[in-house]
Amino acid sequence: MNTVLDELKWRGLLVESTDEEALAGHLAAGAVTFYVGFDPTAPSIHIGNLVQLMVARILQRAGHKPLILVGGSTGMIGDPKATSERVLNSPDTVAQWVERIRAQVEKYVDFSGDNAARIVNNLDWTGPMSVLDFLREIGKHFPVNRMLAREVVRHRLEEGISYTEFSYVLLQSLDYLELYRSCGCTLQFGGSDQWGNITAGVELIRRVEGARVHAMATPLITKADGSKFGKTESGTIWLDPAMTSPYALHQFFLNAEDEKVVEYLKVFSDRSLEEIAELDRQTREAPQRRAAQKALADDVTALVHGPAERDAAVQAADAIFGRSDLRELPESVLNDVAAEIGGVQLEANGDLPTVVDVLAAGGVVPSKSAARRAITEGGAYVNNQRVTDPEARLAEYDLLHGRYVIVRRGKRTVGAVSIRRS
RNA sequence: GGCAGGUUGCCCGAGUGGCCAAAGGGAGCGGUCUGUAAAAUCGUCGGCUUAGCCUACGUUGGUUCGAAUCCAACACCUGCCA
């Protein structure tokens with residue numbers, strides 16, 4: 001019988017932990033209450049955060065009880081970055097983001113049954129705490145000499161670090177202590193960049209309560225060249241459909257490098273070891289079919305946005321990249337495609353707009369200069385036909401079903417524009 | 001507090017009066033090749049109503065026909081001295 005730690009390991013989700021043997025014994029002994037936190041540093045979580053949510057799901061499936069913490073207090077302070085001091089967000093902004101993130105994380109864990117998940121907000125216990133209590137009860141256990149030795153802090157000593165950010169680790173440690181006391185939480189995990197903050201909490205509980213609690217860390221997911229995963233030309237891949245469309249999310253995973261796709265499948269999909277091995281085999285035999293990439297993209301899109309959005313994303317991709325002539329697509333499919341890839345309207349009074357105008361309106365280029373450049377470089381397409389004249393204007397013939405135009409820059413950046421004539 | 005040096009486009013970095021929308025590199029983007037991969041290679045890389053114009057070399061003001069380049073003040077950074 002495989003243990004939950006074994007699963008985390010073969011999925012490559014466990015890079016660091018406190019005493020592994022003790023942790024394995026603890027997890028085997030019964031339901032463990034564990035926690036993972038998300039700070040509101042943006043209005044949405046992103047695919048990097050999804051790694052933690054996947055771990056939470058695996059633990060919950062194994063019978064353990066999730067506490068998903070949303071950082072209403074820690075988000076007000078800001079975890080120190082190695083590079084520079086953060087700008088504080090206003091309490092209103094943080095409160096709004098907390099609500100949005102709470103709604104998002106709820107989708108990934110189960111709130112029913114014996115090991116039902118719970119959402120907690122650290123502002124609930126940090127907010128009412130007085131400065132004096134904080135300094136006496138928490139601060140007293142943090143030797144500054146040790147805090148100064150931490151890697152992030154060392155990086156920042158040259159550049160400078162405020163007392164505010166310097167104190168962040170105390171807040172996160174306090175969270176673990178609080179959840180240990182109030183919920184019997186004995187396991188915290190997070191990204192490996194959080195390891196210092198996490199172990200500080202373990203240490204605090206040991207000093208204050210004399211108890212031995214546990215911690216794990218997940219790896220930093222990277223691309224084949226070692227660069228950061230989860231960024232594209234248009235920025236971070238968010239889980240909020242208004243910020244990153246389901247189509248864009250699907251495309252992101254569909255374009256995963258061969259070298260990395262199996263690793264991503266293990267992390268971002270619930271598929272079994274056997275299924276993944278089979279997809280791996282298929283991808284090695286016929287890489288051009290991209291069986292693993294398709295499975296990965298489909299799984300993640302369904303998990304994050306639901307099966308209907310997954311199907312819509314697949315359909316939109318088929319329409320755009322498939323062999324069929326766009327002109328032959330039924331209007332209903334075109335409507336769906338436009339909705340899926342985020343279509344926009346463009347008013348046309350009198351003459352039909354120029355290609356430059358529709359490229360810019362469709363959002364596939366950042367400016368009209370860039371649109372002209374794209375045409376000159378041979379990278380601009382209207383309805384999958386390359387356009388070579390920077391002065392070109394749309395003709396009636398270009399309007400699909402009398403109004404739609406599908407614009408594309410390069411191979412993959414597409415937009416739908418619906419022309420409305422007045 | 002004193003002295004010296006610095007602040008250039010997304011990043012690094014050259015440029016000391018006109019030939020500067022600013023060398024070179026990196027990142028990004030496009031073409032080719034492929035599989036809507038990776039690598040390679042060629043091209044591109046402020047904006048606009050695009051043979052022209054506008055904005056931009058820390059900020060503000062000045063000198064000049066003309067300033068990223070000279071002058072003044074201010075802000076910030078680095079080093080040395082106290």
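All values below come from the heavy atoms of this structure, side chains included, with hydrogens, waters and symmetry mates left out. Computed from a predicted model, the values in this text were never measured in an experiment.
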Output a table of nitrogen or oxygen pairs between the protein and nucleotides 32-34 of chain B separated by less than 3.5 Å.
{"from": "B/U32", "atom 1": "OP1", "to": "A/Arg386", "atom 2": "NH2", "distance (Å)": "3.2"}
{"from": "B/C33", "atom 1": "N4", "to": "A/Lys411", "atom 2": "NZ", "distance (Å)": "2.8"}
{"from": "B/U34", "atom 1": "N3", "to": "A/Lys411", "atom 2": "NZ", "distance (Å)": "3.2"}
{"from": "B/U34", "atom 1": "O4", "to": "A/Lys411", "atom 2": "NZ", "distance (Å)": "2.2"}

Give me the distance, rounded to whole Å, that separates B/A82 from B/A14 when you measure between the P atoms they each carry.
31 Å
Does any donor-acceptor pair link the side chain of A/Glu377 with the base of B/G43 at a separation under 3.5 Å?
yes
Under 3.5 Å, is there a donor-acceptor pair between the A/Gln385 and A/Asp398 side chains?
no
Identify whether any heavy atom of A/Arg290 sits under 4.0 Å from a base atom; if not, whether one sits that close to sugar-phosphate; answer base, sugar-phosphate or nothing.
base
In whole angstrom, what separates A/Glu340's CD from B/U36's C1'?
16 Å
In whole angstrom, give the distance that lies between atom OH of A/Tyr264 and atom C1' of B/A38.
12 Å
Restricting to non-hydrogen atoms, name the atom on A/Ile77 and the atom on A/Glu165 that form the minimum distance, rounded to 0.1 Å.
O-CG, 4.2 Å
Could you tell me how far B/C71 sits from B/U64 if I compare only their C1' atoms? Round to whole Å.
11 Å
Phosphate-side-chain proximity, A/Arg409 and B/G31, N/O vs OP1/OP2 below 4.0 Å:
no
Kindly give the atom pairs (protein nitrogen or oxygen, nucleotide nitrogen or oxygen) under 3.5 Å for nucleotides 22-27 of chain B.
none

So what does A/Arg372 touch, heavy atoms closer than 4.0 Å: a base, only the sugar-phosphate, or nothing?
base
Indicate, with a heavy-atom threshold strictly under 4.0 Å, whether A/Ala317 touches base, sugar-phosphate, or nothing.
base
For a quick test of your reading: what N or O donor-acceptor pairs under 3.5 Å do the side chains of residues 305-317 of chain A make, sequence neighbours left out?
none

With nearest nucleotide decided by heavy atoms, which residue, A/Val356 or A/Asn255, maps closer to the 5′ end of RNA chain B?
A/Asn255
Checking A/Arg150 against A/Asn197: is there a side-chain donor and acceptor pair closer than 3.5 Å?
yes
Side-chain donor/acceptor of A/Gln251 to base of B/U36, under 3.5 Å:
yes
